[in-house]
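In what follows, every heavy atom counts, from backbone to side chain, and hydrogens, waters and symmetry copies are set aside.
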Amino acid sequence: MEKEDVLWENEIKANKVLVVACFAAVATFSVIWLLSSLGVFYVYGLGRSNLVFFTIVFVPLIAALISIKLKHEKKWIKYMLMASMMFACALVDVVFTYNVPLLMVVPIVLSSRYFYKMYTVRITICTFILFLVSAILGVYYGAVDVNSLELPKGTVFSMGEETWLSDVVEMGMVSYDKELMLFNTLFYAYFVKLLQALIIAAACIVMSKQGRAMVFKQKEMTEKATRVSTELDLARKIQADILQTRFPAFPDRKEFDLYASMDPAREVGGDFYDMFMVDEDHLCLVMADVSGKGIPAAMFMMASKNIISSHVKFGMSPSEALGKSNESICSNNNEDMFVTVWLGILQISTGRLTASNAGHEYPILKRANNSFELYKDKHGAPLGMFDDTEYTEYELQLEPGDKLFVYTDGVPEATRADEEMFGLERTLEALNSAANATSRELLEQVRKSVDEFVGDAEQFDDLTMLAIEYIGVKE
């Protein structure tokens, strides 16, 4: 059933192509007739018989209009359109027997658009027969070939605008051997062109067969792309559910103002942040960046996130949690992926922040009455790179009004069309331009600055940021 649907969709498209061809034929013949009527040039047959012209134009025009009226959605439309085109071309061949015999390839070429081999074969056979008949009729009703006439020695034609060679023949001024004319027409004008048309027809038949296979292949690829898109959309939703996206994340806690965001470069990304209460007095913050992009990075990200949080919840310090997480990741890391991590645990009652860095970007710190500045902490190796890595930790004493900004490399490495990066200096400028804003407004300002800098260039990496302002315990 699916194959029939695909072929039917293709047939409707092919009908539309044939309708365009009919209109093109009508327009061409109309221009020829108009120019001939205006005397720009003379085409034998048109001026003498307007009925010929109107027949050539009328048949494909009516067929095209019927197809449009029915929205190209009837099984017999392709036969009607093709028959009208074949008839019009054959009639032109009757009038211009020696000039347009290769016109027979037009219906054959158009039939190949239906991508049905036997249909093209049938059209080819019908076309050859129809054009054979038109060639024979052309001997009697078409333009006369002067090479087929027996002219007495010294014969001179003096013809005015209304006197034509056929008139001279009809008046018996010269001999007209119809048998010789028929032989010359078939042998020199028809069969030679027939061989050329056969080559074109063979190519059209092959194209029909290959086109049919292409239609099925395209349908298969479209369905596969749709499935992949659906799966990616589901993966994006799952990843969004894993990350905290509802803020305030801890509405009952007034001691800090916290906000985070993650914009993946693809449908899903490898960056992640995490925030959770270890206990009533300790808040854990995580900012991480997995190597790679897409589904593999997202899967590695989810595993890494769970591993890190589980170790922290067991009561480990940041350095211990990173060390144990590294061992867990290295023990089953066949793809040699790694993740950079900044991990901090804030004691809410005192403002003491204990942190450890596994190859991640430097955090950016703002003291209450100062500007944002880079805090160059000591780095260890990313998780998953070396199984025997030891991590150090450090402490920061946050006072009310102090702010901390952590991020992934997608921020400073955001690149515009001329390959210039956003950089840390612009990051600091963006932060300091909104130094007194809330954590959410701070991140929005950084994102706005990045977007303005990058312009229309494609986002190369995930953009992930987290900002926290320590407010302190109010007595």
Legend entry - Option from I468, L365, L466, T427 for which side chain to side chain contact (heavy atoms under 4.5 Å, CB included) with F405 holds: T427

Legend entry - Electrostatic pair K366-D402, nearest N-O below 4.0 angstrom: no

Inset, instruction - Using modelled atom types only, decide if a donor and an acceptor are shared between the side chain of E320 and the backbone of S317 within a distance under 3.5 Å. - result: yes

Inset, instruction - Please name the pair of heavy atoms, one in G351 and one in Q397, separated by the smallest distance, quoted to 0.1 Å. - result: C-NE2, 3.6 Å

Inset, instruction - Dump the intermediate steps for side-chain contact (heavy atoms from CB on, under 4.5 Å) on S111 and C204, then the final yes or no. - result: CA-CA 8 Å; S111 70; C204 290; 5.7 Å; no

Inset, instruction - Answer yes or no: is there an ion pair linking E73 with K71, defined by an N-O contact shorter than 4.0 Å? - result: no

Legend entry - SB check E420 R426 (cutoff 4.0 Å): yes

Inset, instruction - Please tell me if the side chains of Y119 and S208 come closer than 4.5 Å, counting only heavy atoms from C-beta onward. - result: no

Inset, instruction - Hey, could you give me the CE/CE distance between M82 and M85, rounded to the nearest 0.5 Å? - result: 8.0 Å

Legend entry - Between OG on residue S325 and CG on residue L343, distance to nearest 0.5 Å: 8.0 Å

Legend entry - Taking every non-hydrogen atom, the tightest pair across Y391 and A358: CE2-CB, 3.6 Å

Inset, instruction - Starting at CG of L442, measure out to CD of E469 and round the result to the nearest 0.5 Å. - result: 9.5 Å

Inset, instruction - Give a yes or no on whether a salt bridge exists between E280 and R253, defined as a side-chain N under 4.0 angstrom from a carboxylate O. - result: yes

Inset, instruction - Please examine the side chains of V26 and F58, heavy atoms only from C-beta on, and report whether any two atoms are closer than 4.5 Å. - result: no

Inset, instruction - Could you tell me whether E11 and K78 make a salt bridge, using a distance below 4.0 angstrom between a side-chain N and a carboxylate O? - result: yes

Legend entry - Test item: D387 side-chain N/O and E327 main-chain N/O as donor-acceptor pair under 3.5 Å: no

Legend entry - Where V312 and C284 come nearest, the two heavy atoms and their spacing: CG1-SG, 3.8 Å

Legend entry - Pairs satisfying side chain to side chain donor-acceptor pair (under 3.5 Å), at least one member in residues 375-384, at least two apart: N357-D377, N357-H379, D377-H379, D377-Y394

Inset, instruction - Evaluate the side-chain proximity of T438 to Y259: yes if any heavy-atom separation is below 4.5 Å, no if none is. - result: no

Legend entry - Side-chain touch I329/F338, heavy atoms, less than 4.5 angstrom: no

Inset, instruction - For the pair S67 (side chain) and A63 (backbone), establish whether a donor and an acceptor sit closer than 3.5 Å, ignoring hydrogens and angles. - result: no

Legend entry - Test applied, side chain to side chain donor-acceptor pair (under 3.5 Å); reference residue, Y114; option that passes from T120, N10, N15: N15

Legend entry - Beyond-backbone contact of L404 with I364, side-chain heavy atoms, under 4.5 angstrom: no

Legend entry - NZ on K313 to CG on N306, rounded to 0.5 Å: 8.5 Å

Inset, instruction - Assess the side chains of R352 and Q347: does a donor N or O sit below 3.5 Å from an acceptor N or O? - result: yes

Inset, instruction - In sequence, state the C-alpha distance, the side-chain angles, and the governing distance for F272 and S304, and then conclude on side-chain contact (heavy atoms from CB on, under 4.5 Å). - result: CA-CA 9 Å; F272 70 90; S304 301; 4.2 Å; yes

Legend entry - Heavy-atom pair with the smallest gap, counting every atom of P107 and I123: O-CG2, 3.8 Å

Legend entry - Ring-ring centroid check F453 F422, cutoff 6.0 Å: yes

Legend entry - Minimum side-chain heavy-atom gap L322-N326 below 4.5 Å: no

Legend entry - Salt bridge present between E444 and R440 (N-O < 4.0 angstrom): yes

Legend entry - Near-ring test Y362/Y407, centroid separation under 6.0 angstrom: no

Legend entry - Any side-chain heavy-atom pair of I471 and P400 under 4.5 Å: no

Inset, instruction - Using modelled atom types only, decide if a donor and an acceptor are shared between the side chain of Y273 and the backbone of Q244 within a distance under 3.5 Å. - result: yes

Legend entry - Step-by-step side-chain contact (heavy atoms from CB on, under 4.5 Å) determination, E373 to L428: CA-CA 7 Å; E373 294 180 353; L428 290 169; 5.6 Å; no

Inset, instruction - Answer yes or no: is there a side-chain heavy-atom contact under 4.5 Å between D257 and S439? - result: yes

Inset, instruction - Decide if atom CG of D418 counts as having more than 12 heavy atoms of other residues, nucleotides or ligands within a radius under 6.0 Å. - result: yes

Legend entry - Verdict with supporting geometry, V446 and L463, side-chain contact (heavy atoms from CB on, under 4.5 Å): CA-CA 10 Å; V446 174; L463 290 174; over 6 Å; no

Inset, instruction - State whether a side-chain donor-acceptor pair under 3.5 Å links T408 with D271. - result: yes

Legend entry - From K16, M207, K13, residue fulfilling side chain to side chain contact (heavy atoms under 4.5 Å, CB included) relative to R113: K13

Inset, instruction - Would you check if there is a donor-acceptor pair between the side chains of E393 and S319 at a distance under 3.5 Å? - result: yes

Legend entry - Inter-residue atom distance L91.CG - M86.CE, 0.5 Å rounding: 13.5 Å

Inset, instruction - Determine yes or no for a side-chain-to-main-chain donor-acceptor pair under 3.5 angstrom, with Y470 supplying the side chain and L346 the backbone. - result: no

Inset, instruction - Return the minimal non-hydrogen interatomic distance between A457 and T415, and the atom names on each side. - result: CB-O, 3.7 Å

Legend entry - S449-E452 side chain donor-acceptor pair, cut-off 3.5 Å: no

Legend entry - Residues S309 and D274: side-chain donor-acceptor under 3.5 angstrom: no

Legend entry - Under 3.5 Å donor-acceptor, N333 side chain and M337 backbone: yes

Inset, instruction - Nearest 0.5 Å please: distance from the CD1 atom of I66 over to the CG atom of L81. - result: 9.0 Å

Inset, instruction - State whether the side chain of N332 and the backbone N or O of S328 hold a donor-acceptor pair below 3.5 Å, judged by distance alone. - result: no

Legend entry - Minimum heavy-atom distance K74-L70, with the two atoms named: CG-CD1, 3.9 Å

Inset, instruction - Please step through side-chain hydrogen bond (donor to acceptor under 3.5 Å, both in side chains) for the pair D289 and T340, ending with a clear verdict. - result: CA-CA 5 Å; D289 185 0; T340 65; 4.8 Å; no

